[in-house]
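Both counts, for ligands and for their atoms, begin at 1 and track the order of listing. Not measured: the values here are computed from a predicted model. Side chains included, hydrogens not; waters and symmetry mates left out as well; all remaining heavy atoms used.
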Amino acid sequence: MTRLTDDDVKGISDTLDELDAMLREKAGRGLKSIACEAAGVPENMIDPRIFEIAVVPITSGLGVISRFSESVRDACRWLGFESYVTDGTDVTGFADAVDRKASIIFMADDYQYVAYNTAANRQADNSTGTAMGYVACLDASAGGVRGKDVLVLGAGRVGSRAARLLTDKGARVTIADIDLPKAEAVAASIPGVKATGDIPAAISSNNLILNASPAHVDSELIRDGTIISSPGVPHTFDEAAYAKATIIHDPLVIGTAAMLMMSASYSQHGIIR
Ligand code: 2YJ
């Protein structure tokens, strides 16, 4: 799985309004609306005032990413939730958050990024949140995916979840991966999904793409008017790709916002779902 870098995260806190505006322009809905849609909760059901969000910096593995925790905090604040980064890291930070009665605790190591709802004793994970968030973006931008062909690039944790969500929404899904057996395994587990290893052919024959892969997509292959919902990092689409396609990407916030709304929905108004 690709790990975010300091550069991926730099500037996120200062560009949340821009991200919201980009989503309104390309998907017709803002960040909060996309996140609630992704989480399957009506916007008016989530009352941010009853939650307090803690973000715990995690030093294990490759260590802290500069401004990762602050960016998560600022995204939660932007969505109207009181949020802070704990002074301590790792277990000490988690203990601080529990002592302060945080309702949702965000933390990420090199493999997992979770939002833990303390009252519900339930976690929302980032792969699921990211898949839900970017499926919601694609669905909104395309005016619905029902009955349409959608290509999912990458058969990892996000791509496989996205393939299932898109199928549930009535799309005809093809999943592509350079590791064909991996794509075939995902296809075999979801009725109706096809697998391919011919990625260039798949890109040039699809107008709707969910890119959950770190691979570079050659702009030559992209059809004019394609919609690409792209959580994949590194994000290497060039100007030529942006000129041809509607491309929706951010490295952290869409997935985080979906996790937050999912997690909040687990214990809204004291009702544990
Ligand atoms: O606390 C920190 O600053 C770091 N430990 C954050 C690490 C962030 N983790 C990643 O970027 C991993 N790729 C995990 C993300 C899960 C993606 N579904």
Side-chain angles (χ1 to χ4, degrees), residues 1-13 34-35 38-39 53-77 83-98 102 104-117 122-138 152-166 175 177 179 182 186 210-215 229-236 248-263:
M1 184 193 323
T2 315
R3 190 176 188 270
L4 294 172
T5 63
D6 292 0
D7 269 356
D8 289 331
V9 175
K10 184 178 73 188
I12 284 181
S13 296
I34 287 285
I53 315 296
V55 187
V56 182
I58 300 294
T59 67
S60 74
L62 294 171
V64 162
I65 296 171
S66 174
R67 291 209 52 80
F68 178 88
S69 296
E70 291 77 9
S71 301
V72 172
R73 175 200 65 197
D74 292 344
C76 294
R77 282 184 183 164
S83 315
Y84 59 90
V85 176
T86 56
D87 291 334
T89 65
D90 307 290
V91 177
T92 306
F94 183 78
D96 290 349
V98 172
I104 298 175
I105 304 175
F106 279 80
M107 53 197 161
D109 65 12
D110 296 342
Y111 305 99
Q112 283 282 7
Y113 169 27
V114 298
Y116 174 60
N117 181 314
R122 198 168 161 194
Q123 62 180 319
D125 84 89
N126 178 252
S127 300
T128 305
T130 301
M132 287 173 156
Y134 280 84
V135 164
C137 289
L138 187 66
V152 175
L153 292 175
R157 291 202 279 188
V158 175
S160 55
R161 284 167 171 81
R164 185 171 291 281
L165 293 165
L166 288 161
I175 187 157
D177 200 292
D179 183 348
K182 199 169 161 188
V186 174
L210 193 139
N211 175 38
S213 103
S229 186
S230 187
V233 282
H235 183 71
T236 59
I248 297 174
H249 170 77
D250 103 280
L252 181 65
V253 177
I254 293 173
T256 297
M259 289 164 75
L260 175 60
M261 293 307 173
M262 239 194 303
S263 188

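Looking at D74 and S71, their side chains never bring a donor and an acceptor atom within 3.5 Å of each other. At a cut-off of 3.5 Å, with distance as the only test, no side-chain donor of S127 or R161 sits close to an acceptor on the other residue. T59 and D90 share a donor-acceptor pair across their side chains, judged by distance under 3.5 Å alone.
Closest heavy-atom approach to atom 12 (C) of ligand 1 within the set V56, D110, V85, L252: this belongs to D110. The residue from G156, G93, A108 that puts a heavy atom closest to atom 6 (C) of ligand 1 is A108.
Atoms of ligand 1 lying under 4.0 Å from any heavy atom of P57, numbered from 1 in the order shown and given with element: 1 (O). Under a 4.0 Å criterion applied to the non-hydrogen atoms of L4, ligand 1 contributes the atoms 11 (O). Annotation for ligand 1: atoms under 4.0 Å from non-hydrogen atoms of G63 are 4 (C), 5 (N).
Residue Y111 has no nitrogen or oxygen atom sitting less than 3.5 Å from a nitrogen or oxygen atom of ligand 1, judged on distance alone. Considering backbone and side-chain N/O of V64, none are found under 3.5 Å from N/O of ligand 1. Taking only nitrogen or oxygen atoms, main chain and side chain alike, T59 does not reach within less than 3.5 Å of ligand 1. Any N or O atom pair closer than 3.5 Å counts here, and F68 shares no such pair with ligand 1.
When every heavy atom of P57 is checked against every heavy atom of V64, the shortest pair comes out as CB-CG2, 4.2 Å.
You'll find the side chain of V56 stays beyond 4.5 Å of the side chain of S69, heavy atoms only. Counting heavy atoms from C-beta on, the side chains of I254 and P231 never come closer than 4.5 Å.
In this structure, H235 and H249 have parallel ring planes: the angle between them is below the 30° cut-off, well short of the 60° mark.
Heavy atoms of D109 come nearer than 4.0 angstrom to ligand 1 in at least one pair.
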